[in-house]
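First comes the structure, then the notes that go with it.
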Amino acid sequence: DAGITQSPRHKVTETGTPVTLRCHQTENHRYMYWYRQDPGHGLRLIHYSYGVKDTDKGEVSDGYSVSRSKTEDFLLTLESATSSQTSVYFCAISETPGLAGGPGTDTQYFGPGTRLTVL
Amino acid sequence: GNSVTQMEGPVTLSEEAFLTINCTYTATGYPSLFWYVQYPGEGLQLLLKATKADDKGSNKGFEATYRKETTSFHLEKGSVQVSDSAVYFCALFTGGFKTIFGAGTRLFVKA
């Protein structure tokens with residue numbers, strides 16, 4: 001199994017409070033991703049990183065920010081949590097996303113998830 | 001745009017039954033196709049993949065064939081077990097940084 005941990009695994013917080021989720025990998029993979037999983041939506045990409053201090057937005061980035069100061073750590077922050085951000089959050093890593101326009105293989109390896117409840 | 005559509009669940013089968021979970025896609029270029037599985041309380045893990053047309057991915061008795069003419073990648077298994085109970089996600093990748101996941105299909109297998 002790929003070495004990916006997420007912390008905390010469960011969190012309950014109140015609307016308006018800041019929350020930071022941590023993803024830690026021991027695989028030295030360059031690419032890291034944050035997804036949220038909601039019933040009927042599959043996984044939706046929040047943000048991703050293609051290197052230390054290199055990040056970009058995914059399809060559902062509003063209300064979230066990320067930081068990556070080291071290869072092994074990727075932090076997801078909810079600056080002011082809302083009830084709509086109640087979800088299960090997954091971190092993923094990949095060694096290479098493949099080449100645009102090419103066959104690309106981009107196998108992603110997922111962490112165990114963080115269940116966040118915003119009251 | 002690129003998208004993945006998979007059959008809605010839940011799918012409930014008896015042990016040793018034949019499984020098919022349908023997946024169709026819309027994509028430009030030459031996507032790679034994947035099936036991921038999520039067991040209760042865990043993250044997703046790769047089940048199988050195919051990177052070009054007519055390729056067959058296989059793993060743990062599961063198979064899926066990349067059909068470009070029908071834009072499909074249906075997951076099959078000849079004889080399911082209780083331990084196969086999970087949520088199955090079809091996904092596609094066309095390059096860059098974005099893998100597109102289907103909504104997931106939950107499978108229940110009864111003893």
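Computed from a predicted model, the values in this text were never measured in an experiment. In what follows, chains are A, B, ... by sequence order, proteins preceding strands, each numbered from 1.
With a threshold of 4.5 angstrom between heavy atoms, A:R9 approaches chain B through side-chain atoms but not through N, CA, C or O. For A:Q6, no part lies under 4.5 angstrom from a heavy atom of chain B. Using a 4.5 Å cut-off between heavy atoms, A:L45 contacts chain B through its side chain alone, with no backbone atom that close. Using a 4.5 Å cut-off between heavy atoms, B:E8 does not touch chain A at all.
Counting heavy-atom pairs under 4.5 Å between each of A:A92, A:C91, A:G58, A:P112 and chain B puts A:P112 at the top.
Other residues, nucleotides and ligands contribute over 12 non-hydrogen atoms within 6.0 Å of the NZ atom of B:K68. Within 6.0 Å of CD on B:E69 lie more than 12 heavy atoms contributed by other residues, nucleotides or ligands.
Of the inter-residue distances, the one linking B:Q45 atom CD with A:T107 atom OG1 reads 12.5 Å to the nearest 0.5 angstrom. A:F90 contributes atom CZ, which lies 9.5 Å from atom CD of B:E42 (distance to the nearest 0.5 angstrom). Atom CD1 of B:I100 is separated from atom CZ of A:R44 by 13.5 Å, given to the nearest 0.5 angstrom.
Between the side chain of B:Y36 and the backbone N or O of A:Q108 there is at least one donor-acceptor pair closer than 3.5 Å.
A single hydrophobic cluster is seen to contain both B:V80 and B:V37, as judged by linkage of ILVMFWY side chains at heavy-atom distances under 4.5 Å, directly or through other members. The hydrophobic clustering, which links ILVMFWY residues whose side-chain heavy atoms are closer than 4.5 Å, places A:I46 and A:Y109 together. A:V60 and A:L21 end up in the same hydrophobic cluster when Ile, Leu, Val, Met, Phe, Trp and Tyr side chains are linked at under 4.5 Å. Placement of B:L107 and B:F101 in two distinct hydrophobic clusters is found when ILVMFWY residues are connected by side-chain heavy-atom separations under 4.5 Å, directly or transitively. Under a hydrophobic clustering in which Ile, Leu, Val, Met, Phe, Trp and Tyr are joined whenever their side-chain heavy atoms come within less than 4.5 Å, directly or via other members, B:F89 and A:Y35 fall into the same cluster.
Smallest separation of non-hydrogen atoms from A:G40 and B:A103: O-CB, 3.7 Å. Pairing each heavy atom of B:L44 with each of A:F110, the nearest pair is O-CB, 3.2 Å.
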